[in-house]
Asks: 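Take this structure first; my questions come after.
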2 protein chains.
Amino acid sequence: MKYSHKLSDGVHILAYVDIYQDADLSSGAIAASIEANPSLVRRLMAQLVKAGLLTSQPGAAAPALARPAAEISLLDVYQALEGNKELLHIDEKTNPQCIVGGNIQASLNVAYAQVQQAAEAQMAAISLQGIISDILQREAAKH
Amino acid sequence: MKYSHKLSDGVHILAYVDIYQDADLSSGAIAASIEANPSLVRRLMAQLVKAGLLTSQPGAAAPALARPAAEISLLDVYQALEGNKELLHIDEKTNPQCIVGGNIQASLNVAYAQVQQAAEAQMAAISLQGIISDILQREAAKH
DNA sequence: AATCCTGTTACAATAAATGTTGCAAGTTAC
DNA sequence: GTAACTTGCAACATTTATTGTAACAGGATT
């Protein structure tokens, strides 16, 4: 399959809404920045709204962060857009009559959960505010 | 795309080789345990051999772990089969003329590298021996 | 010599992602 | 109040990384 960049695009949307809050915040404008199409942006925004990270108004291009960027973590965005999607994936079709095939799924589930937890702890430690500040610093450094 | 279970299948192969070392270790026998096809198993085994985790002999069904299972980590297997594949993926096509689009790739690269490192540290802490022991314990608990 | 095996390649099929299109319904400006 | 925008949602097409399948040269075993 293709690799997902929902998380990247989701962060992009939230950062855009924060940085350009006094400019055009239509899905078309944001899509131009992501170089994606407005429909995808609206799909992602709908998920961010549902997860309580963003507010929006039907009919009006007026999205806003639902809470301060410092209180939104990368993990919040990940879970909003990817749900409980695991980073690593079990092979769910193994031969149950084999010692290995019959038990490895359970064993790997434990191991993968540990990896997932480590990754999520790190994602929780990264805030949207940190990313926005980094973006603005990089922009300032260009001039 | 499909989700990759190369890592799961790779661990499966290594565990199988260790547990069934006195039985049939042909790619067909291992494939039957994974419920995959022998060609896939041979492809994965070739990568494990190249990475120095497994030994094999052309023409003879005689694979063996290249070093003790306690000295093979989940990270070793991951890197053998997935190379340097990142768990999270940047959107590489953003508008460089936008403050967000022009800088977010670099910002997210840093953030994602931190997440990757946390996940890899956890993978490094999980040994093949640990997984094999867990498999054998689960099997024993069935009776 | 016959039969199995590995190692490798090329191509087909599958599945999860994004792209595209269309439209009902809300909002704003005039 | 109507024209021109917007969001929100759904259906379908396209893309692409994966696994599946088939074929075959060459080594190993009996």
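Every heavy atom of this structure was used, including side-chain atoms; hydrogens, water molecules and symmetry mates were not. Labels below follow one simple rule: chain letters A, B, ... track the order of the sequence lines, proteins then strands, and each chain is numbered from 1.
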Asks: Taking B:S8 for its side chain and A:H89 for its backbone only, find out whether a donor-acceptor pair lies under 3.5 Å.
Replies: yes
Asks: Between P on C:dT6 and CD on B:Q47, what's the gap in Å once rounded to a whole number?
Replies: 16 Å
Asks: Side chain of A:K2: nearest nucleotide among C:dT14, D:dG8, C:dA17?
Replies: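 So the nucleotide nearest the side chain must be C:dA17.
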Asks: Could you tell me if B:H12 and B:S33 have a donor-acceptor pair between their side chains, going purely by distance under 3.5 Å?
Replies: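 Result is yes, a qualifying pair exists.
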Asks: Using a strict heavy-atom distance below 4.0 Å, which residues from residues 33-45 of chain A are in contact with DNA chain D?
Replies: A:S39, A:R42
Asks: Report, as yes or no, whether the 6.0 Å neighbourhood of atom CD on B:Q117 holds more than 12 heavy atoms from other residues, nucleotides or ligands.
Replies: no
Asks: If I take atom CG in residue B:L81 and atom P in nucleotide D:dA17, what distance separates them, rounded to the nearest angstrom?
Replies: 18 Å
Asks: Say whether, by atom type as modelled, one donor and one acceptor occur between the side chain of B:Q21 and the main chain of B:D18 under 3.5 angstrom.
Replies: yes
Asks: Tell me which nucleotide among D:dG8, C:dT27, D:dA28 gets nearest to the side chain of B:A60.
Replies: D:dA28
Asks: Could B:D76 and B:R67 be called an ion pair, given the rule that one side-chain N must be under 4.0 Å from one carboxylate O?
Replies: yes
Asks: Short of 4.0 Å, heavy atom to strand atom, which residues of residues 3-22 of chain A count as contacting DNA chain C?
Replies: A:S4, A:H5, A:K6
Asks: Using a 4.0 Å heavy-atom cut-off across all strands, classify A:K50 as base, sugar-phosphate, or nothing.
Replies: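 No contact.
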Asks: Whole angstrom is fine here: how far is it from CD in B:E92 over to P in D:dT16?
Replies: 13 Å
Asks: For B:E92, does its backbone N or O pair with a side-chain atom of B:Q105 as donor and acceptor, under 3.5 Å?
Replies: yes
Asks: Just by distance, do the side chain of B:Y20 and the backbone of A:V100 share a donor-acceptor pair under 3.5 Å?
Replies: no
Asks: Does B:Y78 reach the main-chain N or O of B:K85 with its side chain, forming a donor-acceptor pair under 3.5 Å?
Replies: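 Yes: the side chain of B:Y78 pairs with the backbone of B:K85.
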Asks: Mark yes or no for whether A:E139, through its side chain, and B:N103, through its backbone, hold a donor-acceptor pair below 3.5 Å.
Replies: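 Not confirmed, A:E139 side chain does not pair with B:N103 backbone.
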Asks: Provide, to the nearest angstrom, the distance between the CG atom belonging to B:L25 and the P atom belonging to C:dT6.
Replies: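 After rounding, the gap between these two atoms is 9 Å.
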Asks: Rounded to whole Å, how long is the line connecting atom NZ of A:K93 with atom P of D:dT18?
Replies: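 In whole Å, D:dT18 P and A:K93 NZ are 18 Å from each other.
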Asks: On DNA chain C, check which nucleotide each of A:P58 and B:G28 is closest to and give me the residue with the more 5' one.
Replies: B:G28
Asks: Under 4.0 Å between a side-chain N or O of A:S26 and OP1 or OP2 of D:dC5?
Replies: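 Result: no.
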